[in-house]
Chemist: 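Before anything else, here's the structure in question.
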Protein chains: 2
Amino acid sequence: MFSQRAIEALKKEGFKITKPRKWIVEFLENNTSHPSAVEIYEQLRSKDKSFSFATVYNTLDVLVKSGIVRQISTDPKCSRFDPDLSNHGHFYCNKCGAVYDIFDIDINFNELKGKVEEYQLNLFGICEKCLKGGN
Amino acid sequence: MFSQRAIEALKKEGFKITKPRKWIVEFLENNTSHPSAVEIYEQLRSKDKSFSFATVYNTLDVLVKSGIVRQISTDPKCSRFDPDLSNHGHFYCNKCGAVYDIFDIDINFNELKGKVEEYQLNLFGICEKCLKGGN
DNA sequence: ATAATTGCAAAAGCTTTGCACGGAA
DNA sequence: TTCCGTGCAAAGCTTTTGCAATTAT
């Protein structure tokens, strides 16, 4: 479902509540695989053929600006999106390309130039599933 | 100059010592701005017009495989490359797009799924220069 | 009503690929 | 000499843009 948090965040920024915005938030909030724009596009296309890439990117931009989802730069091939705003990192599997959440992280950076608005921790390696020959 | 470390790393992997490899290593080792493929291409083009993008990307791939440079995913627009393999993070300025090194970082992650080969810490915000109205 | 948002198509930017020529070992 | 690497051009992907039609408020 479309969370109350998202509705209020959109309204607070003066954005309208539209079908693409509802659908994309809903899809992301029910998904822990950090979908890319292409994956979001394909999923929504399967529900409504009149869905465009421009809308996906416009919508994601609005959702990021509203603080509803976060854009992560873990995948070297494309941007991915995460509705979990809590302090956590991401593990990218160099073999299968999956992105996993990593909690229990503790970071201290002392040398601070400029104003930090956000930080991301990306781990790269081979995931459990691939190590076991699953993929 | 072309460091001894780089020559030995290339030879160890069975790669040949060629002009593009020398030039790109030299450029990166004398540069702390984390150049992108395009910036590397432009710099080398100014020395030799018969330089191609394919060579830049092939070369960077070889250099990463040889452990001479590191590919970083800090810039949302493109990959950047860093000859400093030490444990440090990067700050991306959302206004001017510059990438700065951040040392003195302390990271502890407890929950480890899979085999971690590398990690990257990316900070996003507004850099000192932009805060002061420099850019 | 009216201003924001969508959908389409085209384009822009980064990166990869295939293949003939040239150069390092 | 032999094979790896380069250079070129073309193509592939992700993402952006311009504009007319549509929709939320």
Side-chain angles (χ1 to χ4, degrees), chain A residues 2 6-25 34-66 68-69 71-81 92 97 99, chain B residues 2 6-25 34-66 68-69 71-81 92 97 99:
Chain A
F2 191 42
I7 292 176
E8 276 163 18
L10 284 172
K11 286 190 175 164
K12 189 178 169 190
E13 298 289 324
F15 291 121
K16 294 177 177 172
I17 311 298
T18 66
K19 192 164 71 174
R21 290 172 187 170
K22 281 189 211 167
W23 285 7
I24 292 181
V25 169
H34 315 86
S36 65
V38 172
E39 286 160 355
I40 293 167
Y41 172 78
E42 283 169 353
Q43 149 72 17
L44 296 183
R45 268 254 150 177
S46 73
K47 293 177 71 174
D48 182 342
K49 284 289 179 200
S50 72
F51 222 91
S52 78
F53 256 112
T55 300
V56 172
Y57 282 105
N58 282 339
T59 301
L60 288 169
D61 195 48
V62 164
L63 298 181
V64 169
K65 281 200 177 76
S66 308
I68 296 168
V69 304
Q71 180 167 7
I72 61 174
S73 59
T74 309
D75 188 333
K77 297 184 189 67
C78 58
S79 290
R80 292 179 168 275
F81 297 86
Y92 176 82
V99 176
Chain B
F2 192 41
I7 292 176
E8 276 161 19
L10 284 172
K11 286 189 175 163
K12 189 177 170 190
E13 299 287 325
F15 291 121
K16 294 178 177 171
I17 311 299
T18 66
K19 193 165 74 174
R21 288 171 189 172
K22 281 189 213 167
W23 285 7
I24 291 180
V25 169
H34 315 86
S36 65
V38 172
E39 285 160 356
I40 293 168
Y41 171 78
E42 282 169 354
Q43 150 72 18
L44 296 184
R45 268 253 151 177
S46 72
K47 292 177 75 175
D48 182 342
K49 283 289 179 199
S50 70
F51 223 93
S52 78
F53 258 113
T55 300
V56 172
Y57 281 106
N58 283 338
T59 301
L60 288 169
D61 196 46
V62 164
L63 298 181
V64 169
K65 280 199 177 76
S66 307
I68 296 168
V69 304
Q71 180 168 8
I72 61 174
S73 60
T74 310
D75 187 333
K77 297 185 189 67
C78 58
S79 291
R80 292 178 168 275
F81 298 87
Y92 176 81
V99 175

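Within every chain, numbering begins at 1; the chains are lettered A, B, ... in the order of the sequence lines, protein sequences first and strands thereafter. This structure is a prediction, so every number in the text was calculated from the model and none was measured.
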Chemist: Just how far, in rounded Å, is C1' of C/dC14 from CD1 of B/I72?
Modeler: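 So the CD1-C1' distance, B/I72 to C/dC14, works out to 16 Å.
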
Chemist: Can you check whether A/S79 has a side-chain N or O nearer than 4.0 Å to OP1 or OP2 of D/dT14?
Modeler: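 For A/S79, the contact criterion (side-chain N or O under 4.0 Å from OP1 or OP2 of D/dT14) is not met.
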
Chemist: Indicate whether OP1 or OP2 belonging to C/dT16 is found under 4.0 Å from a side-chain N or O atom of B/Y57.
Modeler: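 Answer is no, no contact under 4.0 Å.
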
Chemist: So if I apply the ring-ring contact (aromatic ring centres under 6.0 Å, His included) rule between B/Y41 and each of B/F53, B/F51, B/W23, which one comes out positive?
Modeler: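 Only one of B/F53, B/F51, B/W23 forms a ring-ring contact (aromatic ring centres under 6.0 Å, His included) with B/Y41, namely B/F53.
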
Chemist: Could you give the NZ-to-C1' distance, from A/K22 to C/dT5, as a whole number of Å?
Modeler: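 Interatomic distance, NZ of A/K22 to C1' of C/dT5: 14 Å.
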
Chemist: Applying the side-chain contact (heavy atoms from CB on, under 4.5 Å) criterion to B/I24, which one of B/I68, B/L44, B/T18 satisfies it?
Modeler: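 Of the listed residues B/I68, B/L44, B/T18, the side-chain contact (heavy atoms from CB on, under 4.5 Å) partner of B/I24 is B/L44.
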
Chemist: Show your reasoning for whether side-chain hydrogen bond (donor to acceptor under 3.5 Å, both in side chains) applies to A/Q71 and A/S79.
Modeler: CA-CA 7 Å; A/Q71 180 167 7; A/S79 290; 2.7 Å; yes

Chemist: Under 4.0 Å between any heavy atoms, over every strand shown, what does B/T55 touch: base, sugar-phosphate, or nothing? Just pick one.
Modeler: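 Base, at least one base atom sits under 4.0 Å.
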
Chemist: If you assign each of A/K16 and B/A54 to its closest nucleotide in DNA chain C, which residue comes earlier from the 5' end?
Modeler: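 This one resolves to A/K16.
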
Chemist: Whole Å only: how far is the CG atom of A/N58 from the C1' atom of D/dT17?
Modeler: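 Rounded to the whole Å, the gap is 10 Å.
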
Chemist: Is the number of heavy atoms from other residues, nucleotides or ligands within 6.0 Å of NZ (B/K47) greater than 12?
Modeler: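 More than 12 heavy atoms, drawn from other residues, nucleotides or ligands, come within 6.0 Å of this atom.
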
Chemist: Verify the contact: side-chain N or O of A/T18 to OP1 or OP2 of C/dT6, cut-off strictly under 4.0 Å; return yes or no.
Modeler: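 For A/T18, the contact criterion (side-chain N or O under 4.0 Å from OP1 or OP2 of C/dT6) is met.
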
Chemist: Compare the minimum distances between each of C/dT15, D/dT15, C/dA25 and the side chain of A/F53, then state the nucleotide with the smallest one.
Modeler: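 Ranking C/dT15, D/dT15, C/dA25 by closest atom to the A/F53 side chain puts D/dT15 first.
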
Chemist: I need the CD1-P distance between B/I40 and D/dT6, as an integer number of Å.
Modeler: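 Interatomic distance, CD1 of B/I40 to P of D/dT6: 14 Å.
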
Chemist: Verify, without hydrogens or angle tests, whether A/R21 (side chain) and A/K16 (backbone) share a donor-acceptor contact under 3.5 angstrom.
Modeler: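 Yes, the answer is positive, given that a donor and an acceptor are paired below the 3.5 Å cut-off.
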
Chemist: Measure the distance from CZ on A/R80 to P on D/dT14 and round it to the nearest whole Å.
Modeler: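 For the pair A/R80 CZ and D/dT14 P, the rounded distance is 10 Å.
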
Chemist: Could you pick out which residue, B/K77 or B/F15, lies toward the 5' side of DNA chain C when each is mapped onto its nearest nucleotide?
Modeler: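 That would be B/K77.
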
Chemist: Does D/dT6 have OP1 or OP2 sitting under 4.0 Å from an N or O in the side chain of B/R21?
Modeler: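 For D/dT6, OP1 or OP2 has a side-chain N or O of B/R21 closer than 4.0 Å.
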
Chemist: Rounded to whole Å, please give me the gap between NZ in B/K11 and C1' in D/dG5.
Modeler: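 Going from B/K11 (NZ) to D/dG5 (C1'), I get 17 Å.
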
Chemist: Can you measure A/Y41 atom OH to C/dC8 atom P for me and round it to whole angstrom units?
Modeler: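 About 8 Å, once rounded to whole Å.
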
Chemist: Specify the separation, in whole Å, of atom CZ of B/F51 and atom P of C/dG22.
Modeler: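 Value for this atom pair: 17 Å.
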
